[in-house]
J.: 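If you scroll down you'll find the structure; I have some questions about it.
For the numbers below, each heavy atom of this structure counts, side chains included, while hydrogens, waters and symmetry mates do not.
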Amino acid sequence: MFWLPSDCDITQKGYEKKRSKLIRAYVPHPGGMEGLSHRPFFPPPSAARFHRRRSSGTRDERYRSDVHSEAVQAVLARHVESKVAVPMPSKRRSLVVQTSMDAYTPPDSSSGSEEEAGLGDDMPGMEHWMTRPALLGPAHLGSTSSSSSSTQSGGSGNAGRLADSLAHTHLSHPHLAHRHIGTIARNTQRYGNAERMETGDGVPVSSRVSAKIQQLVNTLKMPRRPPLREFFVDDFEELLEVQQPDPKQRRPEGAEMLAVRGEALGVVTNWPPSLEAALQRWGTISPKAPCLTSLDTTGKPLYVLTYGKLWSRSVKLAFNILHKLGSKQEPMVRPGDRVALVFPNNDPVAFMVAFYGCLLAEVVPVPIEVPLTRKDAGSQQIGFLLGSCGVTVALTSDACHKGLPKSATGEIPQFRGWPKLLWFVTESKHLSKPPRDWFPHIKDANSDTAYIEYKTCKDGSVLGVTVMRIALLTHCQALTQSCGYTEGTVRHTLKVMCISYLQSVMNMMHVISVPYSLMKVNPLSWIQKVYHFKAKVACVKSRDMHWALVAHREQKDISLSSLRMLLVADGSNPWSISSCDAFLNVFQSKGLRSEVICPCASSPEALTVAIRRGQYHHHHSQPPGRGVLSMQGLSYSVVRVDTEEHLSVLTVQDVGTVMPGALVCVVKPDGVPLLCKTDEIGELCVCSVATGTSYYGLTGMTKNTFEVFPVASGGGLVSEYAFVRTGLLGFVGPGGLVFISGKMDGLIVVSGRRHNADDIIATALAVEPMKFIYRGRIAVFSVTVLRDERIVVVAEQRPDSTEEDSFQWMSRVLQAIDSIHGVGVFCLGLVPANTLPKTPLGGLHLSETKQLYLEGGLHPCNVLMCPHTCVTNLPKPRQKQPEIGPASVMVGNLVSGKRIAMASGRDLGQTDDNDQFLFLSEVLQWRSQTTPEHILYTLLSSRGAVSSSLTCLQLHKRAERVAALLLERGGLQEGDHIALVYPPGIDLIAAFYGCLYAGCVPITVRPPHPQNISTTLPTVKMIVEVSRSACVMTTAVICKLLRSKEAVATVDIRNWPPVLDTDDLPKKKSPVLYKPCNPDALAYLDFSVSTTGMLAGVQMSHNAVGAFCRSVKLQCELYPSREVAICLDPYCGLGFVLWCLCSVYSGHQSILIPPVELESNPALWLLAVSQLRVRDTFCSYSVMELCTKGLGLQTEALKARGLDLSRVRACVVVAEERPRMSLTHSFSKLFKDLGLHPRSVSTAFGCRVNLAICLQGTSGPDPTTVYVDMRALRHDRVRLVERGSPHSLPLMESGKILPGVRIIIANPETKGPLGDSHLGEIWVHSAHNGSGYYSGYGEEVLQSDHFTSRLSFGDTSTVWARTGYLGFLRRTELTDASGERHDALYVVGALEEAMELRGMRYHPIDIETSVIRTHQSIMECAVFPWTNLLVVVVELEGSEQEALDLVPMVTKAVLEEHYLIVGVVVVTDIGVIPINSRGEKQRMHLRDGFLQDQLDPIYVAYNM
């Protein structure tokens, strides 16, 4: 059955409303059921108000209600007073262009959607709901603002002027970025050292993004919901708020209802024993009597089917079905088999013949719609139903068969999910005549299945409801009795249901079928046919009444006085009352009587449930009833009568009384079917012969729906017979009148309150003006987020509506729904016209739409998320507990009953010859004398060839010449700072040792990128200035680069210190080499930029350098006979130490592979490791990622080239972050086939204060992995869980603690030691700690805090350095080389990057991992906090049309997994998130770029 709600609330309501205002006498109805009025319909004084309203053309025929519209407008008027400016999303110009009118095709007018179908749509606009300050967003989001974002590329001055002009013209497109021309290398710092003016609360003054965020923050400050109630939080768990009973909740107060019995089904002597017998009787007694008249699209009769023709054609078809399909021995169809009936709804004659043919042949017809394409929405599910019913034959008409999609060979292809079918055309000319002696066997109605009607569920699955022959006959008898049918005329629009055709045969009636296509051309056609044929009964939908209202003035000579019943087939929809009222109001003058209008309620499972008796029964039937019900009461399933003066009400009309012979009761929708109270809303259940029997083939679901035994509160059964659940929600009012308030399928339960999708649609459509969306194309459904249902509204947007108008409409819809229904909307999306999936009849396919939303495939053009409003069950923000103080009892190594988290590496023993030297320069001189020809360094080119190498003696001599250059040409003094600006290679190493020989302090600096000087050179200049370098040493090429035009335009070259070119070194060596005397003196400065964008130089003393090299040598077992491959950047940290220092100290050969060479040859590093048979190699995450992505499909080719990694003993990733397990696992898995052992891949960990704390090394146990509870980590607790547990986070050990290193875990706030079940800051004590920061400005506070901290209690004498990283220690079951149990260190994240949100500590990487998993188009993600909002930036790989799909998915994922509400979602191009040389995201740079409008995003969504 095609169910359709209605519209248009008028007359009675408006009249009473005005009257009550005029007489100012307002008497409220008492609570409970008494307020439901029993009153006949009577007209208002005039229909003029209706005409005035209607002049605007069509409104939505389903949900039109004038009083509801007025209520919505009143709600919105309240919001106007508060004038809350909501930040509008920002969209890139290209997106706006692509969603212009040219890109749209209007919705297909031939479809059966509830559309206007060519009727006017010129609605007058209403006053704007809100004054429009500039903050609200662009008046026309288009040309000026956004085009400038992609074309403006000049200096920042232009951008500033442009920004000012835009601000004054109210075009606040928030992201006007001026992109640099040319390619921007990904590893550069994109957003340089931009200065930022800030206001008092930290918001940049000049930024439009910041203004929008401030706006958003302001909207969130407003109280939305009552404050959260108390609930429990223990140390580890975060408990979602359990919905407490609302103290204001209304509860049912009536007595328990009694089952309502319909009148007895009268036994009439001449009723036929079965429908086939009825057909035989009329076909032989009155063969010339008309049975069915079908009309063409002009309204002329196309074909009149007489009872004689129907009988003869049905017999002929029955014979052919049984005897002409398959062979005599193996017929394809036997009695009892199922066959599909595939007929269009404009060919009722063929359908009727086929249906009765099946009944006569005793096969079971399964009527379905005509599949239009192979991929019809929902068609696959219908295919599953046909398959489960065992259908092998489909009956269809000639015209329909020709219209089905065909393959190239002319065959009908198999539709997706469908079984293989034989298509059988039922026209007489294609059939064989039955022999004279063949007659169908006509039996009395029995319990055999008569037909199967399909029903689509809320989740999109299709079920087949079986109806028995006895149910069919009884249903026809009950309808005949309740409608008082005799031989007469009934009129149908559409194929309302098979029952209509059966009913007519039962009573030998004449049916005139008005096709939908004719209704669209001439909406009055059905009224004309009623007048022409003097019809006594008409069966319509509220939509048909509405269309007739729109067009009625064009027709003069019509009369409806012959009508005895106007059956409203979708009268069970509460919103149909307005269509009924308006129709009566207009057509009363044409002879329509009020008692003629008869709404009815039906469902696939229970067939007809209730029907209002017409004129025939008027002398003894109940007068019609209606009630104005409180929506708040309905949401608690309670009936409370209200008045229309209140805004939040629903007016319902009765659908008559229970069907003859049936018993009806109302039960609670969930759980045990307990009887409801008289003032309680529940699901209607029917006990009758005339219902469906089962869901075909589904015994479990059948039991729950068709075999229900309602229970009274005392525990007794209502009846010994089973009831059928109807799927209709409602109650039984006074006098046994049945009222329907909604459907189970449309029910949305949010926080324990029930809302109906139809009511929400009605409210959305009542928001004026309606210029923005197509009325019949709006879907409301719920999705589960955070263990509760959330409402999603999706609609098709008109192509002529502007961005701003649509956004304002969306904002007002949210306000209206929030105010009227008391529920927040999670997501409201607008999609381009004609893009939502349709059903075969053209309506909106709800479950497919929901599926597309969940999969991120809707491609909306506008999205508004409101998680702050509707997610009210978040865990309570954490209140921090006071930590353990010094007064706690410490016993040995226990604190508060837990083992103190501390560990250490093995001792540094002094054993080797070179350990006698305190200074690295002395070690090099010693090696040049003892092993002059031993090769220390080999540099590889991009092709893998050796481009240069250095022996001990060669390095010593080159260093001497560099020292001579410094002393002669530079005139430098002992202790001067020298900036070494070199590409990775041999020159850098020689220059470093030359500085040591001259007694100067070297600082290694990454050279500027030649293609991107403007962003990389300022960093070089800053390091040179901050380090107070007296001189810059570099190569001739870079020397030239520093003096180029681009460089001069970027920085002031006059401020540079002298620049020395070392390509031309003096021939003579330095007369005397500098001999250092103080081991604590400065050896070099290690400058680097942290992930938060802080530039810091760490002082490394000669003592620390010696201890560092000795520690690495012991851990990795480095000796002169060893070879180590290094693919790292040599400018800071452990990368610099391995590249420049370790070979000289240990004597091993270092094979140097500059990472930049891998961009042109990704296999370079692994091929070198294989060919040179290297056992130990070091790399960075960016190198590993490059190999994983670049060589993923080339493993077979590499194997053929002889790549063999089986000799690799240690492949160590050098990093200053949590180990990236997914990347190391992917790398291990990918190269496993090339011999790489997974155990060999490990990580190292270092930081600013200590460049290497952990390093896996060659001996000792394998790295361990643990799984911790992510929720506990947010509370700084460590709780181990099993792999695969919910909320589990895998963490890999960061390598073995280096020799000479001690570690303790301390509380970063109180500085007290922590137990090993706590997450805390990693503190380190070691001989190779840095000596302090070098700033040159004497900032001593940071110095003492970071490098010379002491515990607040416990061991207060030891001096520790604070790493700034959070982690924990775990004692494992493994043993180390000394036989002790092994302590593993797990790094969780940087303290300065951790985000304090809702009182808990979040690590960006965890949220980013969740976001990247949500959609295949998300390539990379970065998050950062701004004020109290979480901002998520995602890089989109794919079409820009997919950008808006990501917003709901990202918001939902972060809510579900982290209990955080995302404030802003920014969708950008690939490569926008800046990454440093170590492969770490520069989130603070990204934040600055976002706030200064430099990202040029595709879309920015501000979640309200």
J.: Within this structure, what is the CD-CD distance for the pair E1420 and E1437, rounded to the nearest 0.5 Å?
T.: 12.0 Å
J.: Would you check if there is a donor-acceptor pair between the side chains of N1503 and H868 at a distance under 3.5 Å?
T.: no
J.: Any chance you could lay out the side chain to side chain contact (heavy atoms under 4.5 Å, CB included) test for S1088 and Y1131, step after step, and finish with the verdict?
T.: CA-CA 8 Å; S1088 69; Y1131 300 108; over 6 Å; no
J.: Parallel, tilted or perpendicular, judged at 30° and 60°: which one describes the rings of F1424 and F1490?
T.: tilted
J.: Start with the C-alpha distance between T1015 and N1012, add both sets of side-chain angles, then the distance that settles side chain to side chain donor-acceptor pair (under 3.5 Å), and finish with yes or no.
T.: CA-CA 6 Å; T1015 49; N1012 198 18; 2.7 Å; yes
J.: Is there a side-chain contact between R1006 and V1020 (heavy atoms, below 4.5 Å)?
T.: no
J.: Does Q1416 CD have over 12 foreign heavy atoms under 6.0 Å away?
T.: no
J.: So does T1050 get a backbone contact from the side chain of S1014, meaning a donor-acceptor N/O pair under 3.5 Å?
T.: no
J.: Return the OG to CG distance between S806 and L864, rounded to the nearest 0.5 Å.
T.: 11.5 Å
J.: Supply the atom-to-atom distance E1046 CD to I1013 CD1, rounded to the nearest 0.5 angstrom.
T.: 5.0 Å
J.: Do K1452 and E1457 meet the salt-bridge criterion of a basic N to acidic O distance under 4.0 Å?
T.: no
J.: Indicate yes or no: at least one non-hydrogen side-chain atom of V825 is less than 4.5 angstrom from one of V792.
T.: no
